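Just so it is clear: chains get the letters A, B, ... in the order the sequence lines come, proteins before strands, and each one is counted from 1. Because only heavy atoms are used, hydrogens play no part in the values below, and waters and symmetry mates are left out as well, while side chains stay in. Since this is a predicted model, take the numbers as computed values, not measurements.
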Amino acid sequence: MFPIVEAEFLAPDVKRFVIEAPRVAKKRRAGQFLILRLHDHGERIPLTIADSDPERGTVTIIVQGVGKTTKLLNMLGAGDAILDLVGPLGSPSHVEPFGTVVVIGGGLGAAIAYPTAKAMKEAGNHVVSIVGARTKELVILEREIGAISDELLITTDDGSYARKGFVTGVLAELIESGRRLDLVLAIGPPRMMQAVAETTRPRGIKTVVSLNSLMVDGTGMCGGCRVLTNAGARFACVDGPEFDAHEVDFDMLVRRNRTYLQNESESLKRFLEDPTRDLERVRESCHLEQRHPEVRREASRS
Amino acid sequence: MSAETTDPATPAVPPSKKDRMKIPRQHMPEQDPARRRRNFEEVNQGLTVLGAATEALRCLSCANPKCTAGCPVGVKVKDFVDLIVAGDYLGAAAKIREDNILPAITGRVCPQETQCEGCCILGNKFEPLGVGYLERFVADYERETGQVGLPERAPATGRRVAIVGSGPAGLSAAGDLVRMGHEVTVFEALHEIGGVLVYGIPEFRLPKEIVRHEVDAMRKMGVDFQTNVVIGKTVTIDELMGEEGYDAVFVATGAGLPKFLGVPGEHLNGVYSANEFLTRVNLMRADAFPESDEPVYDCRDRDVAVVGGGNTAMDAVRTASRLGAATSHLVYRRSEAEMPARAEELKHAKDEGISLMCLTNPVAFLGDEDGFVSGMRCVRMELGEPDASGRRSPKEVPGSEFEIPIQVAVIALGTSANPLIQSTTPDLQTTRKGYIAADPETLRTSKPGVFAGGDIVTGGATVILAMGAGRKAAASIHEFLSTGVWDATAAETPS
Ligand SMILES: Cc1cc2nc3c(=O)[nH]c(=O)nc-3n(C[C@H](O)[C@H](O)[C@H](O)COP(=O)(O)OP(=O)(O)OC[C@H]3O[C@@H](n4cnc5c(N)ncnc54)[C@H](O)[C@@H]3O)c2cc1C
Ligand SMILES: Cc1cc2nc3c(=O)[nH]c(=O)nc-3n(C[C@H](O)[C@H](O)[C@H](O)COP(=O)(O)OP(=O)(O)OC[C@H]3O[C@@H](n4cnc5c(N)ncnc54)[C@H](O)[C@@H]3O)c2cc1C
Ligand code: FES
């Protein structure tokens, strides 16, 4: 059982959680994720570790409510607990002094890109951050990302804040300005990452993306998270989640992520009609887990 | 055939050997195939007391029983069967537990026909003794009557052992080590304890309740189980032996890396590895969706093809049928005679109406416009000359390609070594294929204090072999902890 110690909304449907998980907090590096499960009927979902505090023994995640599990999670708050949480999973981002690094975060991708951007800055890179959102109120982590970036460029699709347009527009301008870009890191919806890959490809600018394939175990056991790269099929949970953007088959990623569309919408509809059952389950499951240490202690006494 | 015709449990005069040999092998009551092919309840229902007593009477009590030699962990078959004959079922269970701590599990999943029962001399003329049935019977009797006796623990030694992985190898090592008085922690990456027993082998063959029961018993004996810890990621082996203060580590991580065919279309939606398909259903209960949150691609009224011929393939194809598939094909490149699955599973699968497509190999998966699998292109195979292993090797029949419509496919070609631990423990020597190199007798690895066993050393094998490895490791770890001597030359790389 993993207690939630802080929870706050950053934007509508986007919530930041600080969770007690001392072992994970100690080990985690930028680019890694965790898998959690909310109750004993729940599914396992992957979420990037946005930050961690080894001293306090906590990890931070930022969650966008898109389907049943993330919406249920976003209903929990401080004092609640997560039944299962395992990590840190995946390979850490490759961080070194590259020179000028452009970090692009689309939508929630900003939260996923933030830890790596921070690590890039700490490694001595000149960090240019491009944050894109559909509209003003969905721009998240502006202050945090601003603080670790040498330059921060914001775009909104509808022009309600900062520049109107897509992140790729800003990126294309940067490239055309003739500046030397040593690495581009893009995280966001697959089609956005694909567009970034196509923008940097002609100039051969090294581009890294973090792939959000469907996962179950996260340890390389099920093969469900496989993505296609030039080197063949790879497991995103262990070989990734970061890959060379110019080698990824984005169509396959998008296609495989659609496998359960029908189940997902059915699940979400049922949940939204009556979320109390699932909320009860979270509390009951965590309570059950709480009793385990007792069982153990009794056993060792006898 | 009925066991209920006589009452041999209390014979006035013990029947003679000749009479005993006339008793037919008792039939395992099983759920009706027409019903069970659509539910996840256990297929085998277990012998009745009378059935078990009758079956036990068939044992010839050989002076030099071959069955024990045929058991990878040397269960004293004759002794426990004698106890059943004497009506002491709990004594019989205790006798098995001396060598096998998970009898309710092995009694259900061991390939008895090639082990104990395969060596039974009754089998020369009649049918062999139903050792597996009897083992299961006493273990169930013990559990159902709530009389599982916890073995005594030796006085605490103050030494601490970390076990990585909670499959049969890890569990049996934990059971032995805790009895020897050591402090034992089992680390498991998943949220549930049991390894393949919970995520791979389906409920209809091995109810999870039984695994949980065994795990609870071990918990009561003092084994500390920690789920959600991936050794190599959350904590490394070096940290276990350093900051976390363990005196020895037993690596029992299994062979969990799925193999794929490498044919076109294999990554279409609806094409699963057996591990994913079975994990979704067994561990995550996707069969109960939407009551459970994890989905599995809907098999209802669809055509499903499972590729392979081992236990895993058999489990996957029977699972597909239970998920409501219109047809469940088992596609295997050799003939039925070569199938590595347990004989009983093959029989059960056939009774459940599984369609066997032997001497057939897929060469491509075909997709619809949305990227979902819609068909499978296969070739027919024929068996050629025996190869080095003595098995006749399958060859493609030229020009024999054909297509069948399917909407779900499961690839069950076996697994290989998961590299997680090996890649984060640089001084742990591995074999060419990535398995951990360990001495076959002592299970010592190249890294002092670290032992390894089960599928991660042997490659995909059986529950009982993994348990045997766990016991060997426990004995070897105990010796190491008692003497403190680590013979660096002990570990050799098996070829
Ligand atoms: C390595 C990794 C890191 C991730 N990090 C974060 C994070 O930090 N914060 C966060 O909010 N989300 C993150 N995700 C995505 C998150 O896992 C999914 O949003 C979540 O699984 C959806 O679960 P659900 O039950 O709420 O929705 P579902 O009902 O499962 O899905 C609803 C809809 O969400 C989309 N979706 C489903 N699964 C994914 C997925 N794996 N990736 C992207 N979209 C998906 C689909 O369009 C689907 O129709 C990450 C995914 C991966 C693989
Ligand atoms: C579907 C299927 C059906 C089978 N049917 C039969 C049968 O009928 N009869 C039979 O005898 N055998 C059968 N087998 C084979 C048998 O299950 C295996 O040989 C046996 O389980 C191997 O045991 P093990 O302890 O070595 O590993 P496993 O059972 O594989 O357990 C390993 C455990 O370690 C965990 N783990 C892995 N890496 C880490 C890590 N880094 N940190 C923490 N934990 C980790 C895994 O999550 C897993 O729980 C079957 C196998 C499958 C897949
Ligand atoms: S999630 Fe199962 S192999 Fe990656």
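- Note that CG of A:D40 is 12.0 Å distant from CZ of B:R285, once rounded to the nearest 0.5 Å.
- At a 4.5 Å heavy-atom cutoff, the contact between B:D370 and chain A is made by backbone atoms alone.
- Ion pairing of A:R23 with B:E244 is present here, as a side-chain N (NZ or NE/NH1/NH2) and a carboxylate O approach within less than 4.0 Å.
- In this structure, A:R226 and B:V271 approach most closely via the heavy-atom pair NH2-O, 2.8 Å.
- Between B:N228 and A:F2 the shortest heavy-atom distance is ND2-CE1, 4.0 Å.
- One distance of note links OH of A:Y260 with CD of B:E294; it measures 7.5 Å at 0.5 Å rounding.
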Q. Run the side chain to side chain donor-acceptor pair (under 3.5 Å) check on A:R255 and B:H267 step by step: do they pass?
A. CA-CA 10 Å; A:R255 168 165 65 61; B:H267 306 302; over 6 Å; no

Q.
Would B:K233 and A:V24 count as a side chain to side chain contact (heavy atoms under 4.5 Å, CB included) here? Give the steps.
A. CA-CA 9 Å; B:K233 286 282 181 191; A:V24 186; over 6 Å; no

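- Both the backbone and the side chain of B:L190 come within less than 4.5 Å of a heavy atom in chain A.
- Interface remark: B:Y297 contributes backbone and side-chain atoms alike to the contact with chain A (heavy atom separation under 4.5 Å).
- Judged by distance alone, the side chain of A:K68 and the main-chain N or O of B:D293 form no donor-acceptor pair under 3.5 Å.
- At distances below 3.5 Å, at least one donor-acceptor pair connects side-chain atoms of B:T234 with backbone N or O atoms of A:G87.
- Interface remark: B:S423 contributes no atoms to any contact with chain A (heavy atom separation under 4.5 Å).
- Proximity to chain A is limited to the side chain of B:F260, based on heavy atoms less than 4.5 angstrom apart.
- A salt bridge between A:R277 and B:E291 is present, with a side-chain N of the basic residue lying under 4.0 Å from a carboxylate O of the acidic one.
- Heavy-atom distances place both the backbone and the side chain of B:L268 under 4.5 Å from chain A.
- Residue contact with chain B, scored on non-hydrogen atoms closer than 4.5 Å, involves the backbone and the side chain of A:R44 alike.
- Both the backbone and the side chain of A:R256 come within contact range of chain B, judged by heavy atoms closer than 4.5 Å.
- In this structure, no portion of A:L34 lies under 4.5 Å from any heavy atom of chain B.
- With hydrogens and angles ignored, the 3.5 Å screen pairs a side-chain donor or acceptor of B:N275 with a backbone N or O of A:M221.
- Contact annotation for A:R37: only side-chain heavy atoms (C-beta onward) come within less than 4.5 Å of a heavy atom of chain B.
- Note that CG of A:D217 is 8.5 Å distant from CD of B:E276, once rounded to the nearest 0.5 Å.
- Heavy atoms closer than 4.5 Å to chain B are found nowhere in A:Q262, neither backbone nor side chain.
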